[in-house]
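Just so it is clear: chains get the letters A, B, ... in the order the sequence lines come, proteins before strands, and each one is counted from 1.
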Amino acid sequence: MELFGDFFKQLYDTSGWNFVIFYDQVEWDRFIAAIWTTIKLIIACLIFSVVVGFAGAWAQGAKSRIIRYGMAGYIQFFRNTPPFVQILFFYFVLGNLTPSYDAGGYQEAYIGSFGWAVISLGFFAGAFNTEIFRSGIEAVPESTVEAASSLGYTRLQSYIYVVFPLAFRVCLPALNNNLVNLLKTTTLAYGIAVPEMMYTANQIWSDNVNVPEMMIVLFLFYVGLVAILVWVMHRWEKSMKIPGYG
Amino acid sequence: MASPGKKANGWTPKQPMVSIKDLHKSFGDLEVLKGVSLEVMKGECICIIGPSGSGKSTLIRCVNALNDIQKGSIKVEGLEVNDPNLDKLELRKKVGMVFQQYNLFPHKTAIENIMMAPITVLKQDKDEVAKHAKSLVRKVRLEGKEDSYPGELSGGQQQRVAIARALAMNPDVMLFDEVTAALDPETVKEVLVTIQELAEEGMTCILVTHEMGFAKEVADHIYFTDRGVIVEHGPPKTFFKKAKDPRTKEFLSQIL
Ligand SMILES: Nc1ncnc2c1ncn2[C@@H]1O[C@H](COP(=O)(O)OP(=O)(O)OP(=O)(O)O)[C@@H](O)[C@H]1O
Ligand SMILES: [Mg+2]
């Protein structure tokens with residue numbers, strides 16, 4: 001660590017490239033904290049968006065017309081408006097309407113900026129996931145579903161045990177794509193001051209005037225994260241492959 | 001296989017196991033079944049034959065409520081299928097169905113296909129289900145193929161898994177809809193043998209088939225349908241030799 005820091009200190013002294021996060025303890029701690037916040041944010045958004053997608057795809061097949069129209073409206077809204085506007089809307093408009101509690105002299109919202117980022121990005125990506133899952137569900141032959149119902153499966157049971165497992169395999173490539181997009185979109189959380197990587201990098205370069213250096217760090221950081229996500233998804237895809245199918 | 005003690009809605013084995021009365025079924029404006037009536041006693045095996053599009057599949061699908069009906073009555077062990085408050089699970093516990101295209105769950109192995117429904121639908125004990133499944137595998141002669149996925153099995157093997165899967169629910173009636181139509185001639189036989197054994201063990205069976213030789217041998221009663229009505233029916237001996245209706249005669253002359 002010492003050597004590592006010395007190298008970057010040296011680099012700064014000799015060439016002017018200021019990777020301050022690698023030799024200054026305060027900036028380093030900020031950077032590490034941002035890494036964790038980003039990873040937590042991404043994982044929470046991924047999970048939430050997939051759950052929304054599942055529920056949405058389920059609701060799209062509901063008998064009730066109100067639910068189906070509601071779903072269509074939800075999808076159109078989130079697909080056709082900028083995610084950045086959505087995140088601001090969630091935080092500043094809905095955030096003001098939700099309850100807060102007295103945290104010793106000032107009002108603290110139950111849902112903070114991190115929570116709102118997860119909710120809004122989750123719904124944003126969830127709208128796409130809904131469409132992706134639906135196309136997967138439509139690819140499952142009606143006859144397979146009939147076989148399940150003739151064995152006594154309820155609609156919910158046949159979804160859980162037959163339709164989703166098959167649909168999921170069909171739509172994994174598209175899901176993969178959307179989740180990579182979501183990962184990149186989490187940077188928008190800087191707009192509501194979630195201390196994730198984008199926000200922190202911004203703070204660091206404001207304090208140290210090292211925009212190009214922090215940009216390089218940002219790019220490499222996200223390339224690395226995307227690579228990990230893609231690798232995990234591919235492993236998953238492979239492990240779910242059915243012998244003699246597809 | 002059939003559990004003799006099962007008595008629902010006051011049904012007794014003396015009454016028909018399946019009783020269809022004046023069944024009408026339309027798809028939109030197209031009336032596919034125009035007043036079909038038939039009865040199947042416990043342990044009986046009936047075959048439904050007839051030209052393509054005459055409504056055979058529709059008829060048999062109505063029996064386990066895969067199709068809704070417009071008019072008439074279908075009773076399975078006293079359970080009225082055309083009841084808006086029908087407990088579908090109750091019906092499907094009584095009725096097993098095998099399809100032309102097997103319709104196995106491709107993401108599950110053969111043995112899992114057989115075990116899934118008893119575990120998730122009937123909430124039976126896993127070990128019990130496993131034991132039962134094993135005996136069914138033996139019955140349909142698929143020892144050694146338990147852990148193969150449907151995509152790794154031949155059509156005939158898949159169809160036998162499908163039969164075992166339906167039997168795992170311990171149904172009282174089995175429906176077969178042209179279950180050998182998608183198979184090549186060599187594998188047709190292995191599936192027919194399985195069905196024949198079932199019928200001989202006393203399973204109540206309703207079969208839609210184009211295999212006349214098989215129908216002749218296995219069926220207690222044969223129904224000939226054309227354009228949504230039963231034109232003629234009778235035990236195989238009289239049916240094949242003494243068909244009266246010209247439509248039946250024509251159909252038989254083409255197929256035999
Ligand atoms: N889901 C459906 N919607 C509309 N029409 C249908 C539907 N299912 C069947 N039909 C029509 O009902 C008629 C009877 O079809 P059915 O499948 O019962 O015939 P079948 O006797 O089983 O014929 P095959 O021997 O070819 O299987 C046909 O004219 C068919 O086009
Ligand atoms: Mg048919």
### Task
Working to the nearest 0.5 Å, report the span between OH of Tyr153(A) and CZ of Arg92(B).
13.0 Å

### Task
Let me know if Glu146(A) has heavy atoms under 4.5 Å from chain B in its side chain, its backbone, both or neither.
both

### Query
For Lys123(B), does the NZ atom sit with more than 12 other heavy atoms under 6.0 Å from it, leaving out its own atoms?
yes

### Query
Above 12 or not: heavy atoms from other molecules or residues under 6.0 Å from CD1 of Ile66(A)?
no

### Task
Please indicate whether Tyr190(A) has more than 12 foreign heavy atoms, meaning atoms of other residues, nucleotides or ligands, lying under 6.0 Å from its OH.
no

## Note on the structure
Of all heavy-atom pairs linking Ala147(A) and Phe99(B), the shortest is CA-CE1, 3.7 Å

### Task
Sort Arg61(B) into side chain, backbone, both or neither according to what part of it lies under 4.5 angstrom from a heavy atom of chain A.
side chain

### Task
With a 4.5 angstrom heavy-atom cut-off, could you sort out which part of Leu175(B) is near chain A: side chain, backbone, both or neither?
neither

### Query
At a heavy-atom separation under 4.5 Å, does Val98(B) approach chain A through its side chain, its backbone, both, or neither?
neither

## Note on the structure
Looking only at heavy atoms, the pair that brings Met116(B) and Val162(A) closest together is CE-CG2, 4.3 Å

### Task
Over all heavy atoms of both residues, which pair between Met169(B) and Leu151(A) is shortest? Give the atoms and the distance, please.
CE-O, 3.1 Å

### Message
Quick check for you: to the nearest 0.5 Å, what is the distance between Thr144(A) atom OG1 and Tyr102(B) atom OH?
### Response
13.0 Å

### Query
Do side-chain atoms of Asn103(B) reach the backbone of Ser143(A) as a donor and acceptor pair under 3.5 angstrom?
yes

## Note on the structure
Tightest non-hydrogen contact, residues Leu66(B) and Ser149(A), listed as CD2-OG, 3.9 Å

### Message
Please report the interatomic distance CD1(Ile242(A)) to NE2(His107(B)), rounded to the nearest 0.5 Å.
### Response
7.0 Å

### Query
So does Phe27(B) have more than 12 non-hydrogen atoms from other groups sitting under 6.0 Å from CZ?
yes

### Query
So with a 6.0 Å cut-off around NZ of Lys75(B), is the heavy-atom count from everything else above 12?
no

### Summary
Greatest number of non-hydrogen atom pairs under 4.5 angstrom with chain A, of Asn64(B), Leu89(B), Thr120(B), falls to Thr120(B)

### Task
Report the distance from atom NZ of Lys88(B) to atom OG1 of Thr154(A), rounding to the nearest 0.5 Å.
11.5 Å

